[in-house]
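Take a look at the structure below.
Because the structure is a prediction, the values reported are computed rather than measured. Note on naming: letters A, B, ... go to the chains in the order of the sequence lines (proteins, then strands), and numbering restarts at 1 for each one.
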Amino acid sequence: MAPLTLLVALPLLGALAVAAVPRRRPEVIFPLAIAVSLPPLAVVLWILASFEPGDPGFQLVESVRWSAELGIGWRLGIDGISLFLVVLTTVLMPLAIAASKSIVEGRKAYMVSMLVLETGLLGVFVALDLVVFFAFFEIVLVPMYLLIGLWGSERRRYAAMKFVLYTAIGSAFLLAGILALGLAAGEAGGALASFDFRDVAALDLSVGAQRWLFVAFALAFAIKVPVFPLHTWLPDAHTEAPTAGSVVLAGVLLKMGTYGLVRFNLTLFPQASVDFAGIMVALGVVGIVYGAAVAIVQPDVKRLVAYSSISHLGFVVLGTFALTVQGIGGGIFLGVSHGLTTGALFLLIGMLYDRRHTRRIDAFGGIASVMPVYAGVFLFMAFASAGLPALSGFVGEFTVLLGSFPSYPAAAIAAGSGVVLAAVYLLWAYERIFTGPVTEPENEALDDLDGRELAILVPLVALVLVLGLYPRPVLDRIEPAVSAVLERIEAETGHVAPAPALELHVGGGEEG
Amino acid sequence: MGILAAILPSVTLLLAAGGEEGGGVHVSDGGALAQWAWLIVVVPLVVPFLIVFFGKRLPFGGWELAVGTLAFIGLYGTALLLQNAANPIATEFTVEVARIGSYAIEWGWVVDGLSIMMYFLVGVVGFLVFVYAKGYMEGDIRFTWFFASFTLFAGGMLVLVSSPNLIQLIVGWELVGLASYLLIGHYWEDHANVDAANKAFMTNKVADAGLFIGAIIMALSVGSFSFHDALAVVAEGDAGSRLAVFGFWAGLALFVGAMGKSAQFPLHVWLPDAMAGPTPVSALMHAATMVTAGVYLLGRLFPFYLDHAGIFAGGVRPIIMVIGGITLFFMGLLAFVQNDIKKVLAYSTVSQLGYMVAAMGAGAYTAGLFHLFTHAFFKALLFLGAGSVIHAVHSNDMSDMGGLRTYMPKTFWTFVVGTLALIGLFPFAGFWSKDEIIASLYAAGQDGSGAAWFVFALAVGGSFVTAFYMGRAVFLTFFGEYKGHAHPHESPTTMTAPLVGLAVMAAVGGFLNAPGIATPFTEWLAARRFPMGDHHAEAVNWGLAGLVTLVLLVAVFLAYRIFAPDAETQADRDRFEIPVLYPILRRLYYLDDLYLDGVVRPIMGPVARLVLWVDMVVVDGIVNGAGVLARALSRAVRGVDARVVDGFYDGLAATTGGGGSVLRLFFTGKVQQYAALGFAGVVVLAVVFVVF
């Protein structure tokens, strides 16, 4: 049995099924799309159950070599770093599709795009062959481009083009890096090339090569994350994308970047990672404060949440390059949590947009009295996003702070201000949208959430609560793989990951 | 609950050995009562959900579930208190819920003198306030939601005070912050109330950043988040240990967190605004319990802060004492000029919290916590009394009151008892607890601490201030002629009965720790797993007590002279408006203005807009400029044939129907040209990488 191949193939098969719906039966498309988005989730639940928590290596590995000379093959595997991103993808996708009821024009192509997107994302997270990884990485681009460019709002063309250009530039560097690595691995193995991740990981790269390659990979991933100052495609893409596009974009697509940084940069270029860690940490912290500051003054609530993503992902970058178990692991956890909370916020904003066709904060006011349930769920997710303890966001953010404090105390303290600012922009937006008297007559008769919408949101609320209260099953599965990455860095570079304690040597640390 | 059932069998019992760890006090493990104490934490966390989902269908709108929960907590707390009195308990139970690297994240519950006192307070005062709140909130449009949030507060507070570690403490800390946000903003149709809720949440969030950092420094020094582990390091007293070296910073950062929750200068600004919430909320959360969380934290970590050798957080203690001193005196002064009766009580609360914090800073463990204990009763009483008055006259403004003693005698007499307890007249509760604090400051001064003399002087002055503003409030509210327009009436029994209950405690509660007579409270609190260290034993200094009593009698007399005779009231009040001081007090020392105009508005206005401008014009400008450049370049490489690709998209467009024309419009070949450019670049780059 090949569960990962099945997992990657299922959405694609679903896309074919949707594409095969006869033109005269358009009413079948929506339920069918939801139905075909569920089997991948079932497969993932099976994977979750059979996943060996303590094993730091790749599990469920499949390997079919396509070309011995070129060293390309269908190689898949999953470990603690990718596991929960895969889970997140298959959880969010059915919800995002179910939230797309208002898409009527070109519904079939839309659903096909969503399902192809899912295949691409799952492929990215489970690919163990660099060429296959790159192929999936690029496949993701196409449906996303279509989703923004076709079903987006007023400035969709500009946003879609900007999105493609940014990522294409990054991809060019990524491809160059992959080719270089593959050729080098081939040389070592007596073939023309080898793109097997494990062969590549076994390479003994010079420090100079590591640095060049680190920059090439990091650039591609930093654009995806996005890391300041490569982020300006994100607010436009989010604002213009349809609801489901934003959900997947923020929820999963950005994590391709943070995943890549851990999977490739930290693992393959340990010395360069140590050398560049300070720069990456600084960029992460700038992103945290910068994204939050800009979020405060956004008049469009969707743009506000988009900028908040830059802030949250700054935490992930900070944790990743703190090079501690807590930092990297907390970053992965935060990535998953961010997918749930920000995904939910985009879904909520979409539901409001379906009713009022505007996302301007000043078009609302006092609507908690007409939509109390909606207001409650929104406030819950706002608090979750702002890192309220007992909800998932806190676990990730606090773990990242804990992990980055020993090596970068100043950065951790500066990042702490991001926690404060998150409360500022979210609660201030909540106040203006939901409280006070109802100011606009159009808002007096808004319908509260219906059954379908509640069914979409309740699983997310539940997951945010469960992960916040009992994160152990997730953290226990992330940690071995992260420890393995760190052990590798230590072995290769002699860089000792800061002990989970403050340095006591004389003059050590800020406090010394 | 399923998870809970699954992990309960694996509960690790960490039983205190007694003797050695108990610091001379023989302590027990508390038996089944302590083992099952998790119930009082879990029940108030589950019940709010039941109230939200089923409350509206119940005869009392969910209130019965809420008050039942508080009754349960009160009874359980009382049972623990009695058991602790008979046989001191100090134990804790933990369950590991997560592990991050070497850090265990645990949920657990501490059962010792300190936490039992808090269980008792939250349960008993909470029960009385919940009984009262039914009458007070009758007819409220969000009656059910109110009690759900209020019960959630109780749950959060119990998570906080039962915590054996900093993580759980933070969870509880933020849960009560959430409940506070929801309840201050209960009447959210008015933006002013939501502003107050936001102010409370955000001010606390600033302080919480300190709490987080303090917790992290502490954990990184100890290797664990557990209070027990940290205090074990303190008990060893090794000056070379990490905690000894970094303790100052950990202690300082944690104290910043405490300053937020316990409304210490200069982070007190949120508490007076928090009075926007319904009065029962002000009584229970913003006077009796939630705001004491900071003091509780200092008490929980007392040996850590106490260290006399100046290692650990010993160096923070003078800072704590002085902050408390400034708060107790200068924030008390602000109550002079408030006309809103709840604001008078709010500044009074800030001031009394200052007393508690100053006591902890002076190393007076029992005195500080005893004042926390007595204050919970008499300040809840005063708030509920004020609520009863507000309920009767439909106004918070004391200029709409006056002469109410004849209209509402029960409210009047209980309010007077609360006032006497607050100003500290013998033998009411506040006399004992406050006098012990003043005596401790005096003793600390005699030990050679100049700062202690300063704070001692402030504390004696604070007695004058307290007696004066409370005298003013009582005379303006209950004496003279009624000046309002509504028809005042005594409140229903469900509201006055809790007043009587609290009044009894306010009157005689002081005898729980009356040095020379009986000091059971000291013994209750001594039951903990690590010794408190060498701190001053509390004693009544009768000379000081006489001095303070004289001071407060003078203050009451002055207040009477100025505010009691109703004739020419206005003229007398004008005379009271001391030229320079009065405007400063009216403007609250310009602190709120400073924060608003100096911090909040700049950040939310110009600073954020500047960053946005940088983002839109500079960062994005570069991108767009590059785009223009690229387009120009692409014209130069038009050789790439776009026909094939275009054909593909046209075909796709045909299948998508309506979207087709749009599709064709923007797939005009740009992408392909960029792609061609990109791949040319790739080849070059790959060559570069291989060469290196």
State the CG-CG distance between Leu469(A) and Leu45(B), to the nearest 0.5 angstrom. 9.0 Å
Given Asn204(B), Ile213(B), Asn198(B), the one with more heavy-atom pairs under 4.5 angstrom with chain A than any other is Asn198(B)
If you count heavy-atom pairs under 4.5 Å between each of Gly330(A), Ala423(A), Gly416(A), Ser483(A) and chain B, which one has the most? Ala423(A)
Per-residue tally against chain B (heavy atom, under 4.5 Å) across Ala368(A), Gly366(A), Ala390(A) peaks at Ala368(A)
Report the distance from atom CG of Leu427(A) to atom NZ of Lys205(B), rounding to the nearest 0.5 Å. 9.0 Å
Pick from Gly329(A), Ser369(A), Ala19(A): which one has the most heavy-atom pairs with chain B under 4.5 Å? Ser369(A)
Looking at Ile141(B), Asp190(B), Asp195(B), which has the largest count of heavy-atom pairs under 4.5 Å with chain A? Asp195(B)
Step-by-step side-chain contact (heavy atoms from CB on, under 4.5 Å) determination, Phe383(A) to Phe201(B): CA-CA 11 Å; Phe383(A) 273 121; Phe201(B) 195 83; 3.3 Å; yes
Does some side-chain heavy atom of Pro389(A) sit less than 4.5 Å from a side-chain heavy atom of Gln168(B)? no
Apply side-chain contact (heavy atoms from CB on, under 4.5 Å) to residues Leu402(A) and Leu220(B) and explain how you reach the verdict. CA-CA 8 Å; Leu402(A) 179 68; Leu220(B) 293 171; 4.1 Å; yes
With a 4.5 angstrom heavy-atom cut-off, is it the side chain or the backbone of Ala295(A) that approaches chain B, or both, or neither? neither
Do Phe212(B) and Phe405(A) have ring centres separated by under 6.0 Å? no
Which atoms of Leu178(B) approach chain A - backbone, side chain, both or neither, heavy atom under 4.5 Å: side chain
So which part of Leu379(A) gets closer than 4.5 Å to some heavy atom of chain B, the side chain, the backbone, both or neither? side chain
Against chain B, work out which of His231(A), Gln298(A), Glu431(A) has the most heavy-atom pairs shorter than 4.5 Å and name it. Glu431(A)
So, the part of Tyr290(A) with a heavy atom under 4.5 Å from chain B: the answer is both
Contact origin within Phe333(A) toward chain B - heavy atom pairs under 4.5 Å: neither
Please state whether the side chain, the backbone, both or neither of Ile105(B) comes within less than 4.5 Å of a heavy atom of chain A. neither
Identify which part of Glu479(A) has an atom lying under 4.5 Å from any heavy atom of chain B, answering side chain, backbone, both or neither. side chain
Stepwise, does the side-chain contact (heavy atoms from CB on, under 4.5 Å) test hold for Ile170(B) with Phe394(A)? CA-CA 10 Å; Ile170(B) 287 173; Phe394(A) 170 74; 3.8 Å; yes
Side chain from CB out, backbone as N, CA, C, O: work out which of these in Arg211(A) comes under 4.5 Å of a heavy atom of chain B, or both, or neither. neither
Heavy-atom proximity to chain B below 4.5 Å, by part of Ala184(A): neither
Against chain B, label Tyr425(A) side chain, backbone, both or neither, depending on which of its atoms sit under 4.5 Å from a heavy atom there. neither
Show your working on side-chain contact (heavy atoms from CB on, under 4.5 Å) between Met202(B) and Val420(A) and close with a plain yes or no. CA-CA 7 Å; Met202(B) 288 165 195; Val420(A) 179; 5.8 Å; no
For residues His191(B) and Thr435(A), determine if any side-chain heavy atom of one lies less than 4.5 Å from a side-chain heavy atom of the other. yes
With respect to chain A, which residue among Tyr181(B), Phe248(B), Trp145(B), Tyr187(B) yields the maximal number of heavy-atom pairs within a distance under 4.5 Å? Tyr181(B)
Please tell me if the side chains of Trp188(B) and Tyr430(A) come closer than 4.5 Å, counting only heavy atoms from C-beta onward. no
Contact check, side chains of Phe398(A) and Ile216(B), non-hydrogen atoms, under 4.5 Å: yes
Interchain contact, Ile296(A) with chain B, by part (heavy-atom threshold 4.5 Å): side chain
